[in-house]
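Values reported hereafter were calculated over all heavy atoms of this structure, with side chains retained and with hydrogens, waters and symmetry mates removed. For this chain, numbers begin at 1 and follow the sequence in order.
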Amino acid sequence: MDKLRVDSGIKKIEVNDNGEYISIPISDTAFYERLGVLIRNFEHKQKEVEQKAEALAEKHKDKPDDDAGAIVDIAQLYSELCRYICGEIDGLFGAECCRKVFVGVENPSVELIADFLEQITSLINQYAAERNQKINLMYSRNRKGARSK
């Protein structure tokens, strides 16, 4: 019986001291598209939340005795943003990605999420460059196939 195995290019990245990992499908073009959408959504939603937070702060400015109310309202906005983005991250990198990456943090902050996205993007770029180099070697004009003499 003949066998065929294709290297699907799945990279596993250890994300905590418990040995848990997330997987990145380097050869899946849909992954890159979804990653780009995630990053764009994060940036747009972050700007939207900042505008709403400014409006809330302005609204509460007229109520100097209600500082706690302003803090709670603004914190809720950022919590909603972070929960939304964590859901998107889990959808892209696998269920419970955020639990694995942000150990002990119930709702990661914008800064933690941005740090994760920066680090993971750097790794993905490195893996993609390695993959492109491998492809260029495999399909180079100077490459001689198995039947050449």
Side-chain angles (χ1 to χ4, degrees), residues 1-60 70-149:
M1 171 189 290
D2 292 333
K3 293 183 181 184
L4 175 71
R5 302 288 186 272
V6 175
D7 179 6
S8 61
I10 303 287
K11 296 287 187 180
K12 292 182 179 182
I13 300 170
E14 187 174 315
V15 292
N16 63 38
D17 293 336
N18 299 328
E20 293 180 297
Y21 64 89
I22 59 174
S23 298
I24 299 176
I26 297 301
S27 297
D28 184 355
T29 57
F31 170 79
Y32 296 99
E33 182 178 353
R34 291 175 36 222
L35 176 64
V37 168
L38 184 150
I39 291 170
R40 186 175 55 224
N41 285 346
F42 179 53
E43 291 170 350
H44 288 335
K45 289 212 176 271
Q46 188 175 4
K47 287 177 187 173
E48 182 180 305
V49 165
E50 288 170 359
Q51 290 171 347
K52 287 180 180 178
E54 286 176 15
L56 279 172
E58 188 67 30
K59 175 182 151 186
H60 285 278
I71 292 170
V72 169
D73 288 348
I74 292 170
Q76 285 176 337
L77 278 175
Y78 281 99
S79 285
E80 289 172 19
L81 166 68
C82 295
R83 276 193 294 276
Y84 169 78
I85 295 300
C86 280
E88 296 293 307
I89 289 171
D90 284 350
L92 182 61
F93 293 101
E96 299 196 345
C97 172
C98 288
R99 180 199 57 80
K100 295 174 188 177
V101 172
F102 308 113
V103 176
V105 178
E106 184 178 333
N107 193 17
S109 68
V110 171
E111 295 82 12
L112 288 176
I113 292 169
D115 184 38
F116 167 74
L117 291 174
E118 185 178 311
Q119 288 186 50
I120 201 73
T121 301
S122 177
L123 283 172
I124 290 168
N125 287 338
Q126 174 188 330
Y127 294 148
E130 290 170 3
R131 179 178 169 269
N132 288 341
Q133 187 177 22
K134 182 179 175 182
I135 289 170
N136 287 338
L137 286 173
M138 288 174 57
Y139 299 106
S140 167
R141 288 183 179 184
N142 299 328
R143 181 175 179 251
K144 298 188 182 212
R147 296 185 182 173
S148 65
K149 293 183 180 185

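Taking NZ of K11 as the start and CD1 of I124 as the end, the distance is 12.5 Å to the nearest 0.5 Å. Atoms CD and CG, from E88 and L92 in turn, are 9.0 Å apart once rounded to the nearest 0.5 Å. A distance of 7.5 Å separates NZ of K45 from CD1 of I85, quoted to the nearest 0.5 Å. Annotation: the span from D7 atom CG to S27 atom OG amounts to 6.5 Å, rounded to 0.5 Å. Going from atom CZ of F93 over to atom CD1 of I13 covers 7.5 Å, rounded to the nearest 0.5 Å. How far CG of D90 is from SG of C97: 6.0 Å, rounded to the nearest 0.5 Å.
Using a 4.5 Å cut-off on side-chain heavy atoms (C-beta onward), P108 and C86 make contact. Using a 4.5 Å cut-off on side-chain heavy atoms (C-beta onward), L137 and K134 make no contact. L123 has its side chain within reach of Y127: a pair of non-hydrogen atoms, C-beta onward, lies under 4.5 Å apart. Side-chain contact check for Y84 versus E80: every heavy-atom pair is 4.5 Å or farther apart.
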Practice task
Check step by step if side-chain contact (heavy atoms from CB on, under 4.5 Å) holds for V15 and V103.
Solution key: CA-CA 9 Å; V15 292; V103 176; over 6 Å; no
Practice task
With side-chain contact (heavy atoms from CB on, under 4.5 Å) as the test, would you mind laying out the steps for D28 and I10 before giving the verdict?
Solution key: CA-CA 9 Å; D28 184 355; I10 303 287; over 6 Å; no
Practice task
For side-chain contact (heavy atoms from CB on, under 4.5 Å), just list the numbers for R83 and N107, CA-CA rounded to whole Å, side-chain angles, deciding distance to a tenth of an Å, and then say yes or no.
Solution key: CA-CA 6 Å; R83 276 193 294 276; N107 193 17; 3.4 Å; yes
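Looking only at distances, a side-chain donor or acceptor of K100 sits under 3.5 Å from a matching main-chain atom of Y21. Under the 3.5 Å distance criterion, the side-chain polar atoms of T121 are matched with a main-chain donor or acceptor of L117. In this structure a side-chain-to-backbone donor-acceptor pair under 3.5 Å is present from N16 to G19. Judged by distance alone, the side chain of N18 and the main-chain N or O of E20 form no donor-acceptor pair under 3.5 Å. The closest donor-acceptor contact from the side chain of D115 to the backbone of E111 lies at 3.5 Å or more, if one exists at all.
Among residues at least two apart or in separate chains, there is no side-chain hydrogen bond (donor to acceptor under 3.5 Å, both in side chains) pair with a member in residues 32-43.
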Under 3.5 Å, sequence neighbours excluded: what are the donor-acceptor pairs made by side chains of residues 49-59?
{"unit_1": "E58", "atom_1": "OE2", "unit_2": "K61", "atom_2": "NZ", "d": "3.2"}

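I113 pairs with exactly one of V101, I89, L81 by the side chain to side chain contact (heavy atoms under 4.5 Å, CB included) rule, that one being I89.
Summarising the local packing, CG of D17 is surrounded by 12 or fewer heavy atoms from other residues, nucleotides or ligands at distances under 6.0 Å.
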